[in-house]
Amino acid sequence: MMTTPIRTKEEIEQMKTYFLSKNRIRDYTLFVTGINTALRIGDLLKLRWMDIYDGSKNTYRRHIDIFEQKTRKHAEIALNESCIKSFKLLRQYSPFIYETEYIFCHKYNHFQHISRNRAYHIIKDAALINHIDGNISCHSLRKTFGYHAWKKGTPSALIMNIYNHSSIEITKRYLSISQDDKDELYHSMNL
C-alpha cells in the first residue's frame, strides 16, 4: 500500500498536539521539520545543530544547505517560522553542548541520531493513536508538504522541482491526489 500524505490541517494539528501533550518535544520537532521541509527521512535524521544554528552569531540559519542523500543533488531549503519555533522549543527541553550533535538524537547519546525504524514507529504510532486515515509513515511527512502546497495552489512545476521529479505525472501520483480532491475542485468552480 502506498504511503499517503496527512490530508487535513486538523489532522496535522492533532499530531502536533499529541506529541506536545506527551512532552515528546524531539518527536514534535521531527514531525514539524518533516512536513515543512519535504526532506526525506534519511536527510532529516542526519541534521545536526550546526546545519540550522549559527553559534557564533547566536541565530538560526535561514536555510538548510544540504546534498540530498538519495539524489546527491544540492538543495537549499528555507526554514520557516514553524521550524524555527520547534527548534527553539527543543533547545529548551534538550539543550545541545556542541553544534555537531544531532538534532534528532538518542536521549543519552547526542552524537547518534535515532534510527529510521525508530522514526517510522514514532510517526506510525502517533497516526494510529490519533486515528489519522491512510498509510502514514515517515515518507508521509514529505508527501504532506507537497500535498498542502498543491492545495494552496502552488504551481505543479515548482513542487516537481522541489521533489526532483522528472515529470509532472510522477508528482501527481506521488501526491496521492484522490477522487475527493477532484470532487472538491468541481464543486468549488460553480462558474
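As the structure is a computational prediction, the values presented were derived from the model and not from experiment.
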Check whether the side chains of N80 and K85 place a donor and an acceptor atom closer than 3.5 Å, and report yes or no.
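The answer is no; no qualifying pair exists.
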
Does [X] reach the side chain of [Y], with side-chain heavy atoms less than 4.5 Å apart?
X: W49; Y: Y98; value: no
X: L20; Y: I25; value: yes
X: I103; Y: I52; value: yes
X: Y60; Y: I84; value: yes

May I ask you to check whether [Y] and [X] place their ring centres under 6.0 Å from each other?
X: F96; Y: Y102; answer: no
X: H106; Y: Y108; answer: no
X: F104; Y: H113; answer: no

salt_bridge(E99, R48) N-O dist < 4.0 Å
no

Y147 ring centre to R7 NZ or CZ under 6.0 Å, with the angle to the axis within 45°? yes

ask   = Side chain of Y18, backbone of Y28: donor and acceptor closer than 3.5 Å?
value =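 Between the backbone of Y28 and the side chain of Y18 there is no qualifying donor-acceptor contact (under 3.5 Å).
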
Between R61 and M50 (side chain of the first, backbone of the second, donor and acceptor by atom type, cut-off under 3.5 Å), is there such a pair?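 Yes, R61 side chain to M50 backbone: donor-acceptor pair under 3.5 Å.
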
